[in-house]
Q: 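This is the structure I have questions about; it appears just below.
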There are 2 protein chains.
Amino acid sequence: MNAIDRLKNKGIKKTAHRLMFINILQKSAVALTEEDIKQDMGELYDRITFYRTIQTLLSAGIIHRIVIDNKNVKYALSEIAFRNHQHMHFFCKICHTVACIGEVPSYDYGLPTGYKGEEYEVLIKGICPNCG
Amino acid sequence: MNAIDRLKNKGIKKTAHRLMFINILQKSAVALTEEDIKQDMGELYDRITFYRTIQTLLSAGIIHRIVIDNKNVKYALSEIAFRNHQHMHFFCKICHTVACIGEVPSYDYGLPTGYKGEEYEVLIKGICPNCG
DNA sequence: GTTCAAATGAAACATTGTTTCATTTGCTTT
DNA sequence: AAAGCAAATGAAACAATGTTTCATTTGAAC
Ligand SMILES: [Mn+2]
Ligand SMILES: [Mn+2]
Ligand SMILES: [Zn+2]
Ligand SMILES: [Zn+2]
(Lines give C-alpha, C1' and ligand atoms only; values in the text may rest on other atoms or scores of the structure.)
(Ligands and ions follow the chains in the order given, each with its own letter.)
Protein backbone atom coordinates (compact mmCIF):
# COMPACT_ATOMS: atom_id res chain seq x y z
CA MET A 1 0.00 0.00 0.00
CA ASN A 2 1.31 3.47 -0.80
CA ALA A 3 1.69 6.40 1.53
CA ILE A 4 -1.38 8.26 0.30
CA ASP A 5 -3.60 5.26 0.81
CA ARG A 6 -2.19 4.62 4.24
CA LEU A 7 -3.23 8.08 5.33
CA LYS A 8 -6.58 8.00 3.53
CA ASN A 9 -7.30 4.67 5.19
CA LYS A 10 -7.02 6.19 8.61
CA GLY A 11 -8.85 9.34 7.65
CA ILE A 12 -6.02 11.71 8.39
CA LYS A 13 -4.88 14.50 6.11
CA LYS A 14 -2.10 13.87 3.67
CA THR A 15 0.60 16.42 4.26
CA ALA A 16 4.09 16.73 2.84
CA HIS A 17 5.71 15.69 6.11
CA ARG A 18 3.60 12.63 6.66
CA LEU A 19 3.95 11.42 3.10
CA MET A 20 7.69 11.84 3.14
CA PHE A 21 7.98 10.15 6.54
CA ILE A 22 6.01 7.14 5.35
CA ASN A 23 7.84 6.97 2.04
CA ILE A 24 11.21 6.95 3.75
CA LEU A 25 10.17 4.05 5.97
CA GLN A 26 8.64 2.30 2.98
CA LYS A 27 11.88 2.35 1.07
CA SER A 28 13.86 0.90 3.96
CA ALA A 29 14.28 -2.78 4.68
CA VAL A 30 15.10 -2.05 8.31
CA ALA A 31 13.71 0.13 11.06
CA LEU A 32 15.01 3.70 11.17
CA THR A 33 15.96 6.15 13.89
CA GLU A 34 14.66 9.72 14.06
CA GLU A 35 18.08 10.79 12.91
CA ASP A 36 17.97 8.50 9.87
CA ILE A 37 14.60 9.85 8.83
CA LYS A 38 15.60 13.43 9.52
CA GLN A 39 18.65 13.03 7.28
CA ASP A 40 16.54 11.66 4.47
CA MET A 41 14.07 14.51 4.77
CA GLY A 42 16.59 17.24 4.14
CA GLU A 43 14.98 20.65 3.57
CA LEU A 44 11.52 19.62 4.64
CA TYR A 45 12.60 18.62 8.15
CA ASP A 46 11.25 20.63 11.06
CA ARG A 47 11.85 19.50 14.65
CA ILE A 48 8.38 20.32 15.93
CA THR A 49 6.41 19.03 12.99
CA PHE A 50 8.54 15.92 13.02
CA TYR A 51 7.69 15.36 16.67
CA ARG A 52 4.01 15.69 15.92
CA THR A 53 4.18 13.59 12.79
CA ILE A 54 5.56 10.70 14.80
CA GLN A 55 2.77 11.06 17.34
CA THR A 56 0.13 11.18 14.64
CA LEU A 57 1.45 8.20 12.69
CA LEU A 58 1.95 6.18 15.87
CA SER A 59 -1.52 6.76 17.17
CA ALA A 60 -2.98 6.06 13.74
CA GLY A 61 -1.14 2.76 13.83
CA ILE A 62 0.61 3.50 10.55
CA ILE A 63 4.02 3.13 12.14
CA HIS A 64 5.30 1.41 15.26
CA ARG A 65 8.11 2.35 17.60
CA ILE A 66 10.70 -0.22 18.59
CA VAL A 67 12.49 0.60 21.83
CA ILE A 68 15.60 -1.51 22.21
CA ASP A 69 17.07 0.46 25.09
CA ASN A 70 17.73 4.04 26.14
CA LYS A 71 19.99 4.62 23.18
CA ASN A 72 18.23 2.75 20.41
CA VAL A 73 14.74 3.74 19.39
CA LYS A 74 13.55 2.99 15.88
CA TYR A 75 10.48 3.30 13.71
CA ALA A 76 9.02 0.97 11.14
CA LEU A 77 5.84 0.77 9.11
CA SER A 78 3.11 -1.39 10.56
CA GLU A 79 2.91 -3.88 7.78
CA ILE A 80 -0.36 -5.46 6.88
CA ALA A 81 1.26 -8.87 7.15
CA PHE A 82 1.92 -8.16 10.79
CA ARG A 83 -1.15 -6.23 11.67
CA ASN A 84 -2.89 -8.70 13.90
CA HIS A 85 0.02 -10.84 14.89
CA GLN A 86 2.78 -9.97 17.28
CA HIS A 87 6.07 -9.96 15.50
CA MET A 88 9.62 -10.26 16.74
CA HIS A 89 12.45 -7.78 16.41
CA PHE A 90 16.08 -8.40 15.77
CA PHE A 91 18.81 -6.06 16.99
CA CYS A 92 22.32 -6.43 15.59
CA LYS A 93 24.92 -5.90 18.30
CA ILE A 94 27.46 -4.73 15.75
CA CYS A 95 25.70 -2.36 13.36
CA HIS A 96 22.69 -1.67 15.62
CA THR A 97 20.32 -2.42 12.80
CA VAL A 98 16.80 -3.35 13.82
CA ALA A 99 14.58 -5.50 11.68
CA CYS A 100 11.04 -6.73 12.08
CA ILE A 101 11.16 -10.49 11.74
CA GLY A 102 8.62 -13.28 11.92
CA GLU A 103 5.74 -13.91 14.22
CA VAL A 104 6.17 -14.51 17.92
CA PRO A 105 5.97 -18.29 18.46
CA SER A 106 2.96 -19.23 20.52
CA TYR A 107 4.87 -21.46 22.86
CA ASP A 108 4.13 -21.72 26.54
CA TYR A 109 6.18 -19.04 28.22
CA GLY A 110 5.33 -20.32 31.64
CA LEU A 111 3.96 -17.38 33.58
CA PRO A 112 3.82 -17.61 37.38
CA THR A 113 0.38 -18.14 38.90
CA GLY A 114 -1.86 -15.12 38.83
CA TYR A 115 -0.32 -13.42 35.80
CA LYS A 116 -2.41 -13.13 32.65
CA GLY A 117 -0.26 -12.70 29.57
CA GLU A 118 -1.85 -10.83 26.66
CA GLU A 119 0.97 -9.63 24.44
CA TYR A 120 4.31 -11.31 24.00
CA GLU A 121 7.21 -9.22 22.77
CA VAL A 122 10.37 -10.93 21.68
CA LEU A 123 13.57 -9.05 20.98
CA ILE A 124 16.49 -11.06 19.74
CA LYS A 125 19.96 -9.58 19.95
CA GLY A 126 22.79 -11.00 17.91
CA ILE A 127 24.57 -10.65 14.60
CA CYS A 128 22.74 -9.70 11.42
CA PRO A 129 23.41 -11.19 7.98
CA ASN A 130 25.46 -8.15 6.96
CA CYS A 131 27.76 -8.33 9.96
CA GLY A 132 28.00 -12.11 10.25
CA MET B 1 23.49 -10.68 49.58
CA ASN B 2 23.39 -7.30 51.26
CA ALA B 3 24.15 -3.93 49.73
CA ILE B 4 27.63 -3.59 51.24
CA ASP B 5 28.71 -6.96 49.92
CA ARG B 6 27.33 -6.23 46.50
CA LEU B 7 29.54 -3.17 46.25
CA LYS B 8 32.57 -4.84 47.84
CA ASN B 9 32.15 -7.70 45.38
CA LYS B 10 32.58 -5.38 42.45
CA GLY B 11 35.35 -3.40 44.06
CA ILE B 12 33.54 -0.10 44.03
CA LYS B 13 33.32 2.28 46.95
CA LYS B 14 30.39 2.08 49.28
CA THR B 15 28.75 5.45 49.45
CA ALA B 16 25.54 6.59 51.07
CA HIS B 17 23.82 7.00 47.71
CA ARG B 18 24.76 3.62 46.33
CA LEU B 19 23.85 1.79 49.50
CA MET B 20 20.48 3.47 49.73
CA PHE B 21 19.78 2.87 46.05
CA ILE B 22 20.53 -0.83 46.37
CA ASN B 23 18.61 -1.18 49.62
CA ILE B 24 15.53 0.40 48.11
CA LEU B 25 15.60 -2.05 45.21
CA GLN B 26 16.28 -4.88 47.61
CA LYS B 27 13.18 -4.17 49.63
CA SER B 28 10.96 -4.10 46.55
CA ALA B 29 9.32 -7.13 44.97
CA VAL B 30 8.98 -5.31 41.67
CA ALA B 31 11.15 -3.13 39.47
CA LEU B 32 11.17 0.58 40.32
CA THR B 33 11.26 3.81 38.32
CA GLU B 34 13.71 6.62 38.98
CA GLU B 35 10.83 8.50 40.50
CA ASP B 36 10.01 5.64 42.88
CA ILE B 37 13.59 5.44 44.06
CA LYS B 38 13.92 9.20 44.32
CA GLN B 39 10.83 9.33 46.52
CA ASP B 40 12.21 6.68 48.83
CA MET B 41 15.54 8.48 49.10
CA GLY B 42 14.10 11.68 50.49
CA GLU B 43 16.76 14.07 51.79
CA LEU B 44 19.68 12.20 50.34
CA TYR B 45 18.48 12.53 46.75
CA ASP B 46 20.55 14.59 44.35
CA ARG B 47 19.76 14.65 40.63
CA ILE B 48 23.35 14.51 39.40
CA THR B 49 24.61 11.95 41.87
CA PHE B 50 21.55 9.88 41.18
CA TYR B 51 22.31 9.94 37.47
CA ARG B 52 25.85 8.79 38.10
CA THR B 53 24.83 6.19 40.65
CA ILE B 54 22.61 4.54 38.05
CA GLN B 55 25.46 4.51 35.57
CA THR B 56 27.87 3.04 38.10
CA LEU B 57 25.51 0.34 39.31
CA LEU B 58 24.47 -0.55 35.77
CA SER B 59 28.00 -0.93 34.50
CA ALA B 60 28.97 -2.90 37.59
CA GLY B 61 26.11 -5.23 36.78
CA ILE B 62 24.57 -4.73 40.20
CA ILE B 63 21.31 -3.51 38.71
CA HIS B 64 19.65 -3.85 35.34
CA ARG B 65 17.44 -1.47 33.43
CA ILE B 66 14.17 -2.62 31.95
CA VAL B 67 12.92 -0.45 29.10
CA ILE B 68 9.29 -1.16 28.36
CA ASP B 69 8.75 1.84 26.13
CA ASN B 70 9.41 5.58 26.07
CA LYS B 71 7.36 6.13 29.16
CA ASN B 72 8.23 3.14 31.28
CA VAL B 73 11.79 2.55 32.36
CA LYS B 74 12.49 0.59 35.52
CA TYR B 75 15.38 -0.74 37.55
CA ALA B 76 15.84 -3.98 39.40
CA LEU B 77 18.67 -5.75 41.16
CA SER B 78 20.53 -8.30 39.11
CA GLU B 79 19.72 -11.30 41.18
CA ILE B 80 22.17 -14.11 41.51
CA ALA B 81 19.48 -16.54 40.49
CA PHE B 82 19.28 -14.76 37.18
CA ARG B 83 22.87 -13.87 36.68
CA ASN B 84 23.72 -16.18 33.84
CA HIS B 85 20.30 -16.83 32.44
CA GLN B 86 18.16 -14.47 30.46
CA HIS B 87 14.99 -13.80 32.32
CA MET B 88 11.62 -12.53 31.18
CA HIS B 89 9.82 -9.40 32.27
CA PHE B 90 6.18 -8.86 32.89
CA PHE B 91 4.48 -5.50 32.42
CA CYS B 92 1.02 -4.95 33.86
CA LYS B 93 -1.12 -2.90 31.49
CA ILE B 94 -3.22 -1.61 34.36
CA CYS B 95 -0.86 -0.68 37.18
CA HIS B 96 2.30 -0.52 35.03
CA THR B 97 4.14 -2.73 37.45
CA VAL B 98 7.16 -4.54 36.09
CA ALA B 99 8.39 -7.80 37.52
CA CYS B 100 11.30 -10.05 36.66
CA ILE B 101 9.86 -13.46 36.05
CA GLY B 102 11.31 -16.82 35.08
CA GLU B 103 13.89 -17.79 32.54
CA VAL B 104 13.43 -17.27 28.84
CA PRO B 105 12.35 -20.60 27.37
CA SER B 106 14.91 -21.99 24.99
CA TYR B 107 12.47 -22.75 22.25
CA ASP B 108 13.24 -22.33 18.59
CA TYR B 109 12.33 -18.78 17.74
CA GLY B 110 12.84 -19.37 14.05
CA LEU B 111 15.23 -16.69 12.86
CA PRO B 112 15.45 -15.98 9.12
CA THR B 113 18.56 -17.29 7.38
CA GLY B 114 21.71 -15.37 8.13
CA TYR B 115 20.71 -14.06 11.54
CA LYS B 116 22.62 -15.32 14.56
CA GLY B 117 20.62 -14.95 17.75
CA GLU B 118 22.62 -14.55 20.94
CA GLU B 119 20.30 -13.04 23.52
CA TYR B 120 16.58 -13.51 23.67
CA GLU B 121 14.51 -10.93 25.51
CA VAL B 122 10.92 -11.63 26.28
CA LEU B 123 8.55 -9.01 27.58
CA ILE B 124 5.06 -10.11 28.41
CA LYS B 125 2.32 -7.53 28.76
CA GLY B 126 -0.89 -8.36 30.50
CA ILE B 127 -2.60 -8.25 33.86
CA CYS B 128 -0.70 -8.82 37.09
CA PRO B 129 -2.00 -10.79 40.08
CA ASN B 130 -2.91 -7.58 41.91
CA CYS B 131 -4.99 -6.19 39.07
CA GLY B 132 -6.55 -9.45 37.87
C1' DG C 1 -13.43 29.38 -5.28
C1' DT C 2 -15.06 29.60 -0.35
C1' DT C 3 -14.95 27.82 4.12
C1' DC C 4 -13.31 25.75 8.20
C1' DA C 5 -10.93 22.60 10.87
C1' DA C 6 -6.47 20.73 11.04
C1' DA C 7 -1.49 21.20 10.37
C1' DT C 8 2.52 24.05 10.44
C1' DG C 9 6.54 26.40 12.30
C1' DA C 10 8.37 29.97 15.21
C1' DA C 11 8.97 30.91 19.86
C1' DA C 12 9.14 29.89 24.37
C1' DC C 13 9.12 26.90 28.15
C1' DA C 14 9.97 22.23 30.56
C1' DT C 15 12.37 18.24 31.41
C1' DT C 16 16.13 15.31 31.08
C1' DG C 17 20.95 14.17 29.99
C1' DT C 18 25.79 15.42 30.56
C1' DT C 19 30.19 17.90 31.60
C1' DT C 20 33.18 20.78 34.47
C1' DC C 21 35.32 21.81 38.63
C1' DA C 22 36.10 22.91 43.43
C1' DT C 23 35.15 20.36 47.64
C1' DT C 24 34.34 16.27 50.32
C1' DT C 25 34.49 11.42 51.23
C1' DG C 26 36.07 6.59 51.52
C1' DC C 27 39.77 3.70 51.68
C1' DT C 28 44.67 2.56 51.92
C1' DT C 29 49.07 3.27 53.89
C1' DT C 30 51.75 4.78 57.39
C1' DA D 1 44.72 7.48 64.61
C1' DA D 2 46.48 10.59 61.04
C1' DA D 3 47.97 11.49 56.31
C1' DG D 4 47.54 10.99 51.53
C1' DC D 5 45.20 10.16 47.38
C1' DA D 6 41.98 8.74 44.10
C1' DA D 7 37.15 8.58 43.65
C1' DA D 8 32.65 10.56 44.59
C1' DT D 9 29.90 14.55 45.35
C1' DG D 10 27.02 18.52 44.29
C1' DA D 11 26.69 23.11 42.38
C1' DA D 12 26.61 25.28 38.13
C1' DA D 13 26.25 25.50 33.54
C1' DC D 14 25.43 23.65 29.15
C1' DA D 15 23.12 20.38 25.69
C1' DA D 16 19.55 17.76 23.96
C1' DT D 17 14.96 16.48 23.89
C1' DG D 18 10.04 16.94 24.90
C1' DT D 19 5.98 19.89 24.84
C1' DT D 20 2.78 23.93 24.58
C1' DT D 21 1.12 28.29 22.61
C1' DC D 22 -0.36 30.94 18.91
C1' DA D 23 -0.48 33.34 14.56
C1' DT D 24 -0.33 31.67 9.82
C1' DT D 25 -0.87 28.27 6.20
C1' DT D 26 -2.75 24.22 4.16
C1' DG D 27 -5.90 20.34 2.87
C1' DA D 28 -10.28 18.61 2.02
C1' DA D 29 -15.20 19.21 1.70
C1' DC D 30 -18.73 21.80 -0.22
MN1 LIG E 1 8.36 -4.23 13.99
MN1 LIG F 1 14.78 -8.23 35.31
ZN1 LIG G 1 24.66 -5.86 11.72
ZN1 LIG H 1 -1.09 -4.59 37.81
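Just so we're on the same page: letters track the sequence lines, and every chain starts at 1.
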Q: Taking all atoms of both residues into account, what is the closest heavy-atom pair of B/R6 and B/M1, and its distance?
A: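 For B/R6 and B/M1, the tightest heavy-atom pair comes out as NE-O, 3.5 Å.
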Q: A/S28: what forms a side chain to side chain contact (heavy atoms under 4.5 Å, CB included) with it, not counting sequence neighbours?
A: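 Residues passing side chain to side chain contact (heavy atoms under 4.5 Å, CB included) with A/S28: A/V30, A/L32.
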Q: Dump every N/O contact between nucleotides 28-30 of chain D and the protein below 3.5 Å, one line per pair.
A:
{"unit_1": "D/dA28", "atom_1": "OP1", "unit_2": "A/K14", "atom_2": "N", "d": "2.9"}

Q: Which ILVMFWY residues are connected to B/Y51, directly or by a chain of links, through side-chain heavy atoms under 4.5 Å apart?
A: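 None, because no other hydrophobic side chain comes under 4.5 Å of this residue.
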Q: A/D69 CG to C/dG17 P: how many Å, rounded?
A: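 So the two atoms are 13 Å apart, to the nearest Å.
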Q: Under 3.5 Å, is there a donor-acceptor pair between the side chain of B/N23 and the main chain of B/M20?
A: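 Side chain of B/N23 to backbone of B/M20, a donor-acceptor pair under 3.5 Å: no, none is there.
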Q: Over how many whole Å does the gap from B/L19 atom CG to C/dT25 atom P extend?
A: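 Spelled out: CG on B/L19 to P on C/dT25 is 15 Å.
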Q: In whole angstrom, give the distance that lies between atom CD1 of B/I4 and atom C1' of C/dC27.
A: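 After rounding, the reported distance stands at 14 Å.
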Q: Determine the minimum heavy-atom distance between A/E103 and A/M88, stating which atoms define it.
A: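 Where A/E103 meets A/M88 most closely, the heavy atoms are O-CE, 3.7 Å.
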Q: Please check if B/Y120 and A/L111 belong to a single hydrophobic cluster, counting links between Ile, Leu, Val, Met, Phe, Trp and Tyr side chain heavy atoms closer than 4.5 Å.
A: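 B/Y120 and A/L111: one cluster.
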Q: Quick check on the 6.0 Å ring-centre criterion: do A/H96 and A/F91 meet it?
A: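 Yes - the distance between ring centres of A/H96 and A/F91 falls below the 6.0 Å cut-off.
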Q: The helix from C/dG1-D/dC30 to C/dT30-D/dA1: angle between its terminal axes, five pairs each, to 10°?
A: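 Overall, the helix from C/dG1-D/dC30 to C/dT30-D/dA1 bends by 40° from one end axis to the other.
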Q: To the nearest angstrom, how far is A/M20 atom CE from C/dA7 atom C1'?
A: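 Going from A/M20 (CE) to C/dA7 (C1'), I get 17 Å.
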Q: How long is the line joining CZ of B/F50 and C1' of C/dT18, in whole Å?
A: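 In whole Å, C/dT18 C1' and B/F50 CZ are 16 Å from each other.
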Q: Under the salt bridge (charged side-chain N to carboxylate O under 4.0 Å, His left out) definition, can you give me all pairs with a residue in residues 104-124 of chain B, not counting sequence neighbours?
A: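 Checked against salt bridge (charged side-chain N to carboxylate O under 4.0 Å, His left out) - neighbours excluded - the pairs reaching residues 104-124 of chain B are A/K93-B/E118, A/K93-B/E119, A/K125-B/E121.
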Q: Taking the inter-plane angle between the rings of B/Y109 and B/Y107 on a 0 to 90° scale, is it parallel (under 30°), tilted (30 to 60°) or perpendicular (over 60°)?
A: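 Correct class here is tilted.
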Q: How does protein reach along nucleotides 10-19 of chain D, written 5' to 3' as B (base within reach of a heavy atom under 4.0 Å), S (only sugar-phosphate), or - (no contact)?
A: BBBB---BBB
Q: Using modelled atom types only, decide if a donor and an acceptor are shared between the side chain of B/R18 and the backbone of B/K13 within a distance under 3.5 Å.
A: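 A pair under 3.5 Å: yes.
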Q: Answer whether the closest heavy-atom distance between the side chains of B/V73 and B/I68 falls below 4.5 Å.
A: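 Result no, sub-4.5 Å side-chain heavy-atom pair not found.
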Q: Within this structure, what is the NZ-to-P distance between A/K10 and C/dA7, rounded to whole angstrom?
A: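 Atom-to-atom, A/K10 to C/dA7, this comes out as 16 Å.
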Q: Between B/L7 (CG) and C/dC27 (P), how many Å, whole number?
A: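 Taking atom P of C/dC27 as the reference, CG of B/L7 is at 9 Å.
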